[in-house]
Amino acid sequence: MLKNIQQIKGLGVFNDYTHKTDETSEFGAKNLIYGWNYSGKTTLSRLMSTLERKALGPDLPAFRFTLNTDGDAINETNYTAHPLTVRVFNSDFIVENLNFAGSSFKPILLLGADSDKAQKEIDDLELERKELLEEAEVKSKQAAANLKTMTTAKTTTAATIKTTIGIVEAFGSTQLEKQIGLARIDTAKFKLNESVVQEKLKIARTQEADKLPTLPHATISFKLDSLLAEVPALLVKIPDMANTIDHLAQHPKVEAWIATGLPLHEGKGECEFCGGPLKQDHMAVLIAHFSKDLSNHKQDLTNLKIKLAGAEIAYTAPKDAEIESAYRTRIAAAAVKLTDTIKYYNAAIEAAILDLNRKSQAPFSTAILTPVTPNSTQAVKDAAKELNDLIDANNKSFDNFPSEKAEAINALKLHFAQEFCVNQKLAGFETSQKELADSVANYNDRADKLAAAIQEKKAIISKSQLGREEMNKMIQSLLGVNSVHIDVVSVGTEERFQLQRANKKPAKHLSEGEKTAIAFSYFLTQLRETKNFEDIIVYIDDPISSLDSNHIFQVTAIIKETFFQQAKPGSEWTTRCKQIFVSTHNFEFFSLMKELKPDNKSSKHYLVKRNSPTTSTFCDLPKSLSQYSSEYHFLFSVLHDFQQAPDKKDFRVLMMLPNAARRFLELYSYAKYPDTKNATVDQRVDRIFGAVKSKRILKALHYFSHANNIERMTENNELMCDIEAAVKDLMTALEEDDPMHMEALRAAIAA
């Protein structure tokens, strides 16, 4: 329990308050605090709110304080860790806990600071969630647009590939997608150069009906080596020279000329050349020169030349149109190679024939064999074999036509698929799509978490708005059965509270009294639903603020029912909570609270009094004040004490005067004229004291009363004498105009 307020430094009017043991007793279980407006009651409630919040309240400056308890003292250094449970009702509670949302024509009641905070957080979270979902939608649309573009590209490309290759079976974006998956394993592997692409396209496009005739082999008879082997012997052979004419042997051309002419002169007597007579003996010498051996030798040379000439070979390459397209290039190259080797082969034959010709022209001389390219026969054989192998492959191509065509089509599909990957920058596209998908997932995930948080906040509101029926009972008890009540309305998929009038229409404009009653009902409902109610310290500041006097009894009754109990008839009254504090500016309410049991030593009464613009005092209720049963008697005692005070300019005396005198006049004049015709205090006082006297009395009281009295007293010291004059005029007027009433008042405060 709290025992006392040891000190308060720097908190509102309690700028420098220190507890005085001889002036302020320790707190009891029931504590009543009386003080006029602006005396510091709400400031004390905010000190207690600091214990409840375990944090400084809004707009409160840092301040120092010490509260003594039945345990360790609580101060500004350790209050966040104190074990006490405190609940405070004051004007701050009303502002924080009675809030409206929704449209102006259909307000939704949010009960409790947690509900108001939750609703504000819900609004922020829903806005944030909306933004996240919008961002997710933007990213989703972007990804969808990208995918659509890519899908269109695949469809178009697939159609182009199908047409280009001449594919018969179905080949669309789905089939292309499979090829892309294979091609992406190693795009470089499946890339074909342009010539290969064209070659495979020809194979792919070839039909069974387009098959070409079989190509013949390059068939070659190789005689060169064996014939060349005969040449050297003939080149070095010398015919029999027994009858040889030296001159002819030394002059091969002449010899050749004579050898040609001898057959022409056989049986002739005259020379065919010159017409002269032929000498038979000379003819015999010439014929002897051309012996049988020489003739045979020349014939051998001629025969060998004929053989060599017949050994020459030739090859005509097939035309491109005769070759399968897949082999045209290679067969053409092989044919060129074979033709080149044949040239060297035939060149060796030609060289040998020339050698033999030289030998024929000079048979009695040896000739040297002309060197030729070695292994020309083997080169021709090798080139012919290479060509024939290709011809065999070409001829067999239609034997494997289905598989070769399928291979060509597959290779082309993969080539065009990898080409698509490169042209469309597929890797970058997929990275971008993944980033967009991740963004969408992230936005949606965050939105889902916000949705969960929103539901949690909505649960807080729903929880805060339990006890509606109990609250309605309290509100009706305070304001009447035809006053406002709380009803449940649907807001989207949620149920919310709405204040309604008796006509079922939303209560859009509440009076301050209605707000106080609703907030106080909510405060009490919360307390009644709290576990371990007996451990709570409760501070209630002015629960009747803005309520008229007719409601004071209802508030008192509700407080009695909520906070005080009697274990059994005849037993002592105790508090239901650990400790209760009630502060008020209304003396009548204060008196009613004093009458509530317990009224023994556990019930303590205190006064909060403003001493100066910056200081207030918290002390025990003076005996002179506690003896009055009505606010009216107390107000008169304040006026009487001022009249008797030796120093009427003492702030401690002056602070209460303007409000006390004005309030006294309100009650006195209303008792005199309780009608509604003359409704204001000025009008009623005019009737009682006359216009001149009433203006003199009320002028100073109006000027220094209410919230302005502190500032005006400090700023207008020269006018403070008007307060003394006004009070003197008031007391004199009562003495003169209503002496019996004045006598009764003096008797009441003297008792």
Side-chain angles (χ1 to χ4, degrees), residues 53 55-59 92-152 425 428-468 471 484-500 504-510 515 518-519 522 525-526:
R53 300 172 190 270
L56 288 177
D59 304 323
D92 294 338
F93 181 90
I94 298 172
V95 171
E96 293 172 3
N97 290 273
L98 187 64
N99 301 287
F100 289 94
S103 59
S104 60
F105 58 86
K106 193 175 182 180
I108 299 302
L109 176 64
L110 297 174
L111 290 171
D114 289 342
S115 294
D116 182 49
K117 179 182 178 183
Q119 185 60 55
K120 291 177 181 176
E121 291 175 345
I122 287 171
D123 293 341
D124 292 340
L125 291 174
E126 285 183 337
L127 178 60
E128 184 179 355
R129 182 170 181 268
K130 179 183 177 183
E131 291 173 349
L132 288 172
L133 292 176
E134 287 175 349
E135 287 292 333
E137 185 177 3
V138 168
K139 298 295 184 184
S140 294
K141 287 182 177 179
Q142 185 178 346
N146 293 347
L147 181 60
K148 183 178 180 181
T149 301
M150 184 60 69
T151 301
T152 301
K425 300 178 180 178
F429 165 78
E430 291 179 348
T431 299
S432 175
Q433 289 295 91
K434 184 179 184 305
E435 290 175 353
L436 289 172
D438 290 344
S439 294
V440 171
N442 179 49
Y443 286 133
N444 286 331
D445 181 60
R446 289 165 60 190
D448 289 343
K449 290 179 180 177
L450 290 178
I454 288 169
Q455 290 304 315
E456 290 178 3
K457 303 299 179 185
K458 288 181 177 180
I460 291 173
I461 295 175
S462 297
K463 182 178 179 181
S464 297
Q465 309 207 124
L466 295 174
R468 175 178 67 94
M471 282 189 61
V484 296
H485 66 280
I486 300 172
D487 203 357
V488 176
V489 296
S490 295
V491 178
T493 59
E494 307 293 331
E495 289 189 340
R496 291 288 180 262
F497 283 178
Q498 185 181 75
L499 276 177
Q500 295 181 351
K504 297 292 184 179
K505 292 184 179 181
K508 293 184 289 186
H509 305 291
L510 298 176
K515 291 180 181 179
I518 295 167
Y522 174 65
T525 301
Q526 274 193 319

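Everything quoted here is computed from the prediction, not taken from an experiment.
Under the side-chain hydrogen bond (donor to acceptor under 3.5 Å, both in side chains) criterion, Lys434 pairs with Asp438, not counting sequence neighbours. Asp445 is linked by a salt bridge (Lys or Arg N to Asp or Glu O under 4.0 Å) to Lys449, counting only residues two or more places apart in sequence or in another chain. Legend: residues meeting side chain to side chain contact (heavy atoms under 4.5 Å, CB included) with Gln433, ordered by chain and number and at least two apart, are Ala143, Asn146, Leu147, Phe429, Leu436. For Ser439, the side chain to side chain contact (heavy atoms under 4.5 Å, CB included) partners at least two apart in sequence or on another chain are Lys139, Tyr443. Take Thr149 and apply the side chain to side chain contact (heavy atoms under 4.5 Å, CB included) test, not counting sequence neighbours, and it matches no residue. With sequence neighbours left out, the side-chain hydrogen bond (donor to acceptor under 3.5 Å, both in side chains) criterion links Arg53 to Glu96.
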query = Given Lys130 and Glu126, is the salt bridge (charged side-chain N to carboxylate O under 4.0 Å, His left out) satisfied, shown in steps?
reply = CA-CA 6 Å; Lys130 179 183 177 183; Glu126 285 183 337; over 6 Å; no
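Taken from CD in Glu137 to CG in Asn444, the straight-line distance is 10.5 Å, to the nearest 0.5 Å. With rounding to the nearest 0.5 Å, the separation of CG in Leu510 from NZ in Lys515 is 6.5 Å. Atom CG of Leu133 sits about 10.5 Å away from atom CD of Glu131, to the nearest 0.5 Å.
Nearest approach of Val440 to Ala136, heavy atoms of both residues: CG2-O, 3.6 Å. For Ile454 against Arg129, the heavy-atom pair with the smallest separation is CD1-CD, 4.1 Å. Of all heavy-atom pairs spanning Ala453 and Leu125, the tightest one is CB-CD1, 4.0 Å. Scanning all heavy atoms of the two residues, the minimum distance from Ala447 to Leu132 falls at N-CD1, 3.9 Å.
No donor-acceptor distance shorter than 3.5 angstrom exists from the side chain of Ser432 to the backbone of Gly428, with no hydrogens or angles considered.
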